[in-house]
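Since the structure is predicted, the reported quantities are computational estimates derived from the model, not experimental observations.
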Amino acid sequence: MELFLQFFFSGLTVGAIYALIALGFNIIYNTTSILNLAQGEFVVLGGLLMWYFLEKIHLPYGVSIILTLGISGLVGLAMERLSIRPLLKTADPLLLILITIAFSILLRGILMFLFGKEPYGYPPISEGAPLIIGGAIIQRQVLWIFLFVLFTMLFLYIFFNRTIFGIAMKACAIDSLSATLLGINTSQMVMVSFILSGIFASLAGVLVTPITFVEYDKGPLLTIKGFTAAILGGLGSNWGVMAGGFLLGILESLIAGYIHSGLKDALALLLLLSMLLFKPAGLFQSSEQARLRKL
Amino acid sequence: MTALLEARDVFKSFGGHEVLKGVNLKVQKGTIHALIGPNGAGKTTLLNILNGLESPSRGKVYFNGNDITNLPTEKRAKLGIARTFQLLEVFSGLTVLENVTVALYAKSPWGMFKSLTLGKLFNSQERGLEKRAEKFLEELGLIHRSKEEAQNLPAGEQKLLEIARALAIEPEILLLDEPAAGLNNRETKVLGETLKNLCEKNGITILLVEHDMDLVMKISHRITVLNFGEVLAEGTPLEIQKNPDVIKAYLGEES
Amino acid sequence: MKRFLHNHYFHSLVLFSSILLLGFAIRDPYFTTILVFAGLNALSALGLSLLMGLAGQISLGQNGFYGLGAYISAILSLNLQIPVPLAVLMSAVLSSSLSVFLAIPALRLKGHYLAVATLGFGEIVYLLLNEWGPGGPSGFGNIPKFTMGDIALENPLSYLILVWAIFSAFFTLAQNLAQSSYGKTLQALHSSEIALRTLGVNILSLKVKIFILGSFLTSLSGALYAHFVTFLSPASFSVFYSVLLLMMVMLGGINTLWGAPVGALFITFLPETLRPFKEYDILIYGLILTASLIFLRKGIIHFLKQGIRK
């Protein structure tokens, strides 16, 4: 039981990270029907920037987090302005996929140029003895991760239900043509979605680096994991994809713990392929619902 | 007499919203049958169900008396059901001529291996296709466009190209979704003549969704009026013009 | 005469003889080796060009086929003593038959979904090679060289002839296909699947066949690679290889099969000319790919043609 709890909690931790990446996928997908394959690179960006502010120029923790998230948002903005916007008009899905891949390689290259190939890490948000719950050891950082994810969820709820801008974004996701006709500036929505998704993915990097380290080439695998989570939960719904993230994290952790740690990544990939084959709408929504969301 | 194409008691709903509520439609062989009705009446959905792009929630589709409800679109095409689209679906990147040769090739393909080894240069069948394709383009008045890329044509001519392409599979019935949209008066007249010819000379049955009432009244043998997913009326053009329900539906509830 | 000079059979022959001429003129083993790699890459890229450029089916999993092709052929010849040419052929057939697993998702998935599904396939192969491949992550060697009867293709020049002859042959066949009505049907697949179905085309069989053909070329290239370098490790078969192929096809020109050899020559020689910046290869690749997508969308060939016309 202790062992199970241990695996379960570490699964929740990884799952929280996947949930944040999947969320980023979903926000951009909802406004543009694009899957941003550079999502994983933003996680790496978050971790590395955070290291720079915290360890290199010794800024306080809170300031470092704010600066990191701010810059990541700007990189998201730059991505949208420089690569997505010029191609969005052509509307050729093949080109749009390729450009997100191109940008991911560019970002990875820049990160390698700036930080080299070494792994980086920094201390957790608060030091102190780990907690013990039901015999399972839980690092304090894990609690911080949950706190931040909770905070993100609250932010999402308020943003999409209580602010004019968020509601407009939701309208865009349902029917962008009608939204445009109603006077909603859809291109602004696209911009905001890239900023938000950059920030969420980067937050994932900021939070997880003290536990797992980060290096320049971790992006692609994280992209696939985040995407798997999004598909598991069903693209379209913010809550669905986050649930998918936690589910994937827990499954991986149990497989790695009870069977074989080398299987954990293969599991995610097999899960991805079989979901895509048999239930592309995700576990929590019907295919009818997904179709109405233009899946 | 069995109808050539029949929808029997067809229901269709999207996420709880009923688009078709028990529609019955019989298209007789050798006729031009028009399907009219206000926007959102379910006309395109019915066409999609007839050629298998969507499956009905309930009800059956028959072709020559055979149940084809579960047959996929490509098999229905082989049986002789062809169609064109309201939102254009020409093959962009291909020339006008190639759009038609693709359809001709689909009718009697010779496969990948022969294409790999012989290509176009050493395969006499390829030249045969082009000759036959030109005939269809002539029929629709598009021959002067044959070397242009299909997506560069004006919308009206793209509609005509879709008809030429559909004819190339030598169908028994042609389902046309708003073929006159985007055509001017003169072009619409020519289209009307062409469709009439196809029906009378080539014996092709036509099911037509169209908003241009002049065209519909002039060429159709029978008309079915669809309103909010239900058949409101059916009859000859004359009967439909006089039908009080139809007049009411078209002029609005108040009158 | 004009007809003779203006067909792709002649063009392929010109390409083949220019490459050989270049190899024999420079006679530098290192340079020849790079040309061999360019030929292998061109063969792989030709597979992707057929899939993506012609039929509009994106694949980010070509590294999987490249890896399977290489590993299967190496193992067949090393452990089962099957003659190398036969092993190469068997491996290409075996490995490409696995592409059915990609073609079936491709039937239901489009665009981004297909991109990620194929990415997932490539990653699975990469993980499997790491976990269960001979030698694990550090790989294995002593793979037999390519021999035909009594002739062993020991030096790079002889391999240069072999690789580019195979490429030129398939290049000709691929252009045959592209010009045929079958090729036009594949192009139509890119533009409207629905319209194709209403014309009676079986989309499943069309997709399965083009996936098999595309991955056959990439697998074949992988097998030839194995017997040239005689040492394999999973690192050569990561997803980055798929990205390189993507770059070749995009940079050369996605609308023409010529994009494959032109892009492959360019991308293969690029690291050599950028040797001083070797550390930053990813950055440079990223810049090139991004810039070419935004400014050179139709590829080098289109750009050159326009230049000539002006």
Side-chain angles (χ1 to χ4, degrees), chain B residues 47-48 51-53 72-85 87-95 97-123 125-126 129-130 133 150-151 162 165-166 168-171 175, chain C residues 3-4 6-12 46-47 50 53-56 107 169-214 216-217 254-257 298:
Chain B
L47 281 199
N48 285 346
N51 89 323
L53 287 176
T73 302
E74 51 272 20
K75 294 242 171 80
R76 297 192 202 194
K78 293 272 182 213
L79 285 181
I81 304 178
R83 80 168 283 181
T84 69
F85 296 88
L87 303 169
L88 295 160
E89 295 279 352
V90 296
F91 299 132
S92 53
L94 297 187
T95 66
L97 187 71
E98 285 165 349
N99 262 268
V100 183
T101 50
V102 163
L104 286 168
Y105 175 74
K107 178 87 178 156
S108 47
W110 50 77
M112 185 190 247
F113 187 73
K114 198 168 172 187
S115 307
L116 269 171
T117 47
L118 293 185
K120 191 176 175 180
L121 231 48
F122 298 111
N123 189 347
Q125 278 167 293
E126 293 274 5
L129 285 196
E130 286 189 2
Q151 76 273 20
E162 286 201 357
R165 189 177 66 184
I169 68 167
E170 294 167 34
L175 315 181
Chain C
R3 190 172 158 197
F4 175 70
H6 280 274
N7 73 54
H8 58 274
Y9 295 92
F10 181 66
H11 293 161
S12 299
L46 184 62
L50 283 171
L54 197 61
L107 183 68
F170 280 107
F171 190 46
T172 311
L173 293 182
Q175 289 186 78
N176 274 347
L177 185 74
Q179 292 174 358
S180 72
S181 290
Y182 196 95
K184 301 296 170 194
T185 309
L186 287 169
Q187 250 179 294
L189 186 68
H190 187 8
S191 138
S192 172
E193 277 186 29
I194 285 188
L196 265 189
R197 290 179 61 202
T198 62
L199 297 175
V201 174
N202 184 342
I203 303 284
L204 174 65
S205 118
L206 199 63
K207 281 188 178 174
V208 167
K209 281 179 190 157
I210 192 64
F211 264 95
I212 288 180
L213 180 65
F216 177 83
L217 295 179
I254 192 168
N255 293 325
T256 158
L257 292 174
K298 291 183 174 164

**Asked** Considering residues, nucleotides and ligands other than B:Lys75, do more than 12 of their heavy atoms fall under 6.0 Å from its NZ?
**Response** no

**Side chain, backbone, both or neither of B:Tyr105 within contact of chain C (heavy atoms, under 4.5 Å)** = side chain

**Contacting region of B:Leu104 [heavy-atom separation from chain C under 4.5 Å]** = neither

**Complete:** Answer key: most heavy-atom pairs under 4.5 Å with chain B among C:Gln187, C:Gln175, C:His190 is C:Gln187

**Asked** With only heavy atoms counted, which part of B:Asn51 is less than 4.5 Å from chain C, the side chain, the backbone, both or neither?
**Response** side chain

**Item:** Nearest heavy-atom neighbours spanning C:Ala195 and B:Arg165
**Value:** CB-NH2, 3.4 Å

**Request:** State, to 0.1 Å, how close C:Gln179 and B:Lys120 come at their nearest heavy-atom pair, and which atoms those are.
**Result:** O-CD, 3.5 Å

**Asked** For C:Ala188 and B:Leu94, which heavy atoms make the closest approach, and how far apart are they?
**Response** CB-CD1, 4.2 Å

**Request:** Could you look at C:Tyr9 and say if it's the side chain, the backbone, both or neither that has a heavy atom under 4.5 Å from chain B?
**Result:** side chain

**Item:** Closest contact, heavy atoms only, B:Val102 versus C:Lys184
**Value:** CG2-CB, 3.6 Å

**Request:** Output yes when a side-chain donor or acceptor of B:Glu126 lies under 3.5 Å from a complementary backbone atom of C:Ser181, and no otherwise.
**Result:** yes

**Prompt:** Does the side chain of C:Ile194 reach to within under 4.5 Å of the side chain of B:Thr73, using non-hydrogen atoms?
**Reply:** no

**Message:** Let me confirm one number: the CZ-CG distance from B:Arg83 to C:Leu199, rounded to the nearest 0.5 Å.
**Reply:** 11.5 Å

**Request:** Kindly give the heavy-atom pair with the smallest separation between B:Ser92 and C:Ser191, and that separation in Å.
**Result:** N-OG, 3.0 Å

**Complete:** Turns out that what part of B:Leu175 lies under 4.5 Å from chain C's heavy atoms comes down to neither

**Fill in**
Greatest number of non-hydrogen atom pairs under 4.5 angstrom with chain C, of B:Pro171, B:Ala166, B:Gly111, falls to B:Gly111

**Message:** Quick check for you: to the nearest 0.5 Å, what is the distance between B:Leu116 atom CG and C:Thr172 atom OG1?
**Reply:** 11.0 Å

**Prompt:** Of the backbone (N, CA, C, O) and the side chain (C-beta and beyond), which part of B:Arg76 lies under 4.5 Å from a heavy atom of chain C, both, or neither?
**Reply:** neither

**Message:** Suppose we screen for side-chain contact (heavy atoms from CB on, under 4.5 Å). Which residues come up paired with C:Ala55, at least two apart in sequence or across chains?
**Reply:** C:Gln57, C:Leu186, C:Leu189, C:Ile210

**Part of B:Leu53 within contact of chain C (heavy atom distance under 4.5 Å)** = side chain

**Greatest number of heavy atom pairs closer than 4.5 Å to chain C - which of B:Ala77, B:Ala103, B:Ser115** = B:Ser115

**Item:** Nearest heavy atoms of C:Asn176 and B:Thr117, plus distance in Å
**Value:** ND2-O, 3.2 Å

**Item:** Listed partners of B:Leu88 passing side-chain contact (heavy atoms from CB on, under 4.5 Å), at least two apart
**Value:** B:Ala155, B:Gln158, B:Lys159, B:Glu162

**Request:** Apply the side-chain contact (heavy atoms from CB on, under 4.5 Å) test between B:Met112 and each candidate in C:Leu206, C:Leu177, C:Thr185; give the one that qualifies.
**Result:** C:Leu177

